[in-house]
2 protein chains.
Amino acid sequence: MKTHTESEENYIKALYHLGGEQPVSNGDLAQRIGAKGSSVTQAVKRLGQKDLVNVVPYKGVQLTPQGIRLAKSILRKHRLWETFLVDKLGFGWDEVHPLAEQLEHIQSEELVDRMFQFLGSPKHDPHGDPIPERDGQMPPVLGQPIGAFTAGVEIRIVRVEDAGSEFFDQLDTMNINLGNTYKIRAISAFDSSVELGSSTGSFWLSQSMCANIYAIQS
Amino acid sequence: MKTHTESEENYIKALYHLGGEQPVSNGDLAQRIGAKGSSVTQAVKRLGQKDLVNVVPYKGVQLTPQGIRLAKSILRKHRLWETFLVDKLGFGWDEVHPLAEQLEHIQSEELVDRMFQFLGSPKHDPHGDPIPERDGQMPPVLGQPIGAFTAGVEIRIVRVEDAGSEFFDQLDTMNINLGNTYKIRAISAFDSSVELGSSTGSFWLSQSMCANIYAIQS
DNA sequence: AATAATTTTTAGCTTTGCCTAAAATAAAAA
DNA sequence: TTTTTATTTTAGGCAAAGCTAAAAATTATT
Ligand SMILES: [Mn+2]
Ligand SMILES: [Mn+2]
Ligand SMILES: [Mn+2]
Ligand SMILES: [Mn+2]
């Protein structure tokens with residue numbers, strides 16, 4: 001398997017994030033990467049020559065099977081590193097993403113395999129996102145938005161969206177963590193906010209918060 | 001503290017390796033980096049503009065105090081990562097160097113500090129090389145070449161030179177590891193090879209092997 | 001001290017990856 | 001179906017980091 005530049009890998013990752021296996025527009029990609037459209041046009045041309053993407057001018061860019069494989073391998077590394085940073089080094093789950101963006105580019109199959117073992121073959125990262133397997137298979141994407149449940153149900157938080165540092169701060173101040181269990185006490189018909197109850201009391205969660213927090217019944 | 005490219009950091013590291021605080025010739029640097037002299041001339045000019053080195057044309061390049069600080073911080077990371085890979089992930093001490101050359105460029109003070117803690121505040125890496133402290137202080141460089149001892153003395157292996165994979169293979173087949181203790185049985189007046197004795201028997205070590213293995217009396 | 005050999009620098013080119021401004025194309029509105 | 005607007009591509013530049021070949025400076029040898 002050839003070796004790629006960091007920039008190339010970031011484009012592949014962005015494409016996977018935005019479109020998965022579907023085509024992505026030049027503009028969306030430019031926005032995500034944080035570069036101008038003209039730069040993106042050239043970049044994807046280079047990726048096309050390496051058979052990582054198919055480019056249809058004026059129409060969009062789409063990952064090839066090769067590109068998808070690469071995207072998943074980068075995502076696997078990213079999420080394994082996040083898991084390492086949180087589980088082993090004691091970082092907060094809100095701090096690890098930027099660091100993982102560096103570490104995801106380290107090239108060594110052996111390292112990834114050993115890290116995977118060292119971490120106990122995890123299926124999900126500290127935010128509850130699935131860690132792609134060695135062969136590209138994806139573990140299930142866990143949970144539904146909290147607002148999707150009905151009053152009276154017992155739920156467990158299993159995943160949160162990466163919705164920025166303010167979101168994580170809010171989770172922190174409200175003491176909400178993966179694994180926490182609550183009872184859905186009520187759902188407001190007015191603004192869709194949700195009242196959650198735990199052993200220590202109960203509190204209301206805004207619709208915006210709920211939309212980024214995923215849970216399963218349990 | 002500003003951020004540097006991988007290439008810049010590799011130049012700084014090479015300069016520190018070759019000359020420490022002393023000036024280094026263009027040719028030596030070129031050889032070490034694996035680039036042509038003309039490329040090196042330009043590269044050090046760039047480093048000069050960032051006050052990481054002082055360049056005297058036709059004479060040589062020398063790290064500034066800033067450059068030395070950077071060199072040590074990279075070396076610290078390199079050796080901490082090697083320690084992590086061997087102690088925590090179970091890599092062999094002969095496999096970790098190339099990986100550490102990638103990992104040493106990851107930028108995060110916080111990560112380094114936490115890793116240092118996680119590893120138990122190590123003073124030396126898996127090859128016995130000193131790990132620079134946070135403030136730039138260097139732990140002692142351990143040991144003397146095995147040939148420097150006299151017959152009858154008890155020694156413990158504390159450090160090995162990075163003398164290539166064949167050297168490590170030889171150490172491996174002879175079962176020589178850091179921490180092993182031996183008695184110096186004899187030193188050949190003919191070829192300076194050394195006879196070492198342990199509980200399991202005794203064997204001869206060539207002068208070339210001895211020159212790359214360091215020990216202390218004990 | 002003069003010449004020869006070695007080392008270093010300069011000059012000119014290449015690729016990656018980004019930029020701005022202008023031209024071309026596609027999509028939306030009239 | 002034109003015309004206007006938005007998106008995308010082309011054209012032309014720039015900096016980092018490498019290269020080769022030629023010129024200049026230093027070092028070594030007669
Ligand atoms: Mn992340
Ligand atoms: Mn990245
Ligand atoms: Mn090393
Ligand atoms: Mn390196």
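For the numbers below, each heavy atom of this structure counts, side chains included, while hydrogens, waters and symmetry mates do not. Throughout, a chain's letter reflects where its sequence line sits, starting with A, and its residues are numbered from 1.
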>> Between A:Gln42 and B:Val55, which residue's closest nucleotide on DNA chain C lies nearer the 5′ terminus?
In response: B:Val55
> Would you say the side-chain atoms of B:Arg114 pair up with the backbone N or O of A:Gly90, donor to acceptor, closer than 3.5 Å?
Replying inline: yes
> 5'-most contact on DNA chain C: A:Gly37 or B:Gly60, nearest heavy atom basis?
Replying inline: B:Gly60
>> Measuring to OP1 and OP2 of C:dC18, would you say a side-chain N or O of A:Ser39 lies under 4.0 angstrom away?
In response: no
>> Need one value for A:Thr41: base, sugar-phosphate or nothing, where a base atom within 4.0 Å counts as base even if backbone is also close, heavy atoms only.
In response: base
>> At 4.0 Å (heavy atoms only), tell me whether A:Gly27 reaches a base, stays on the sugar-phosphate, or touches nothing.
In response: sugar-phosphate
> Can you find a side chain N or O atom of A:Lys36 that sits less than 4.0 Å from OP1 or OP2 on C:dT20?
Replying inline: yes
> Starting at CG of A:Leu29 and ending at C1' of C:dC18, how long is that distance when rounded to a whole Å?
Replying inline: 14 Å
>> Does C:dG17 have its OP1 or OP2 closer than 4.0 Å to a side-chain nitrogen or oxygen of A:Arg46?
In response: yes
> Roughly, in whole Å, what's the span from CD in A:Glu9 to P in C:dT16?
Replying inline: 16 Å
>> Can you tell me which nucleotide in D:dC19, D:dT8, C:dC19 comes closest to the side chain of A:Ala35?
In response: C:dC19
> Just how far, in rounded Å, is P of C:dT16 from CD of A:Glu8?
Replying inline: 8 Å
>> In this structure, how many angstroms lie between the C1' atom of D:dA6 and the CD atom of A:Gln31, rounded?
In response: 15 Å
>> Tell me the interatomic distance from A:Asp28, atom CG, to D:dA6, atom P, rounded to whole angstroms.
In response: 16 Å
>> Base of C:dT20, side chain of A:Ser38 - is there a donor-acceptor contact under 3.5 Å?
In response: yes
> Roughly, in whole Å, what's the span from CD in A:Glu6 to P in D:dA16?
Replying inline: 18 Å
> Once the angle between the rings of A:Phe84 and B:Phe118 is folded into 0 to 90°, is it parallel (under 30°), tilted (30 to 60°) or perpendicular (over 60°)?
Replying inline: perpendicular
> So, B:Asp125 side chain and B:His78 main chain: donor-acceptor pair closer than 3.5 Å or not?
Replying inline: no
>> Below the 4.0 Å mark, does D:dT27 have OP1 or OP2 next to a side-chain nitrogen or oxygen of B:Lys59?
In response: yes
> Do A:Arg134 and A:Phe116 meet the cation-pi criteria used here (NZ or CZ under 6.0 Å from the six-membered ring centre, within 45° of the axis)?
Replying inline: no
> What closest approach, in Å, do B:Pro126 and B:Arg79 show between heavy atoms, and which atom pair accounts for it?
Replying inline: CD-O, 4.5 Å
> Between B:Asn26 (CG) and C:dT9 (C1'), how many Å, whole number?
Replying inline: 8 Å
>> Just the rounded figure in Å: distance from P of D:dA16 to CG of B:Leu52.
In response: 13 Å
>> Between A:Lys45 and C:dT16, is there a contact of a side-chain N or O with OP1 or OP2 at under 4.0 Å?
In response: no
>> At less than 4.0 Å, is any side-chain N or O atom of B:Tyr58 found next to OP1 or OP2 of C:dT10? Yes or no.
In response: no
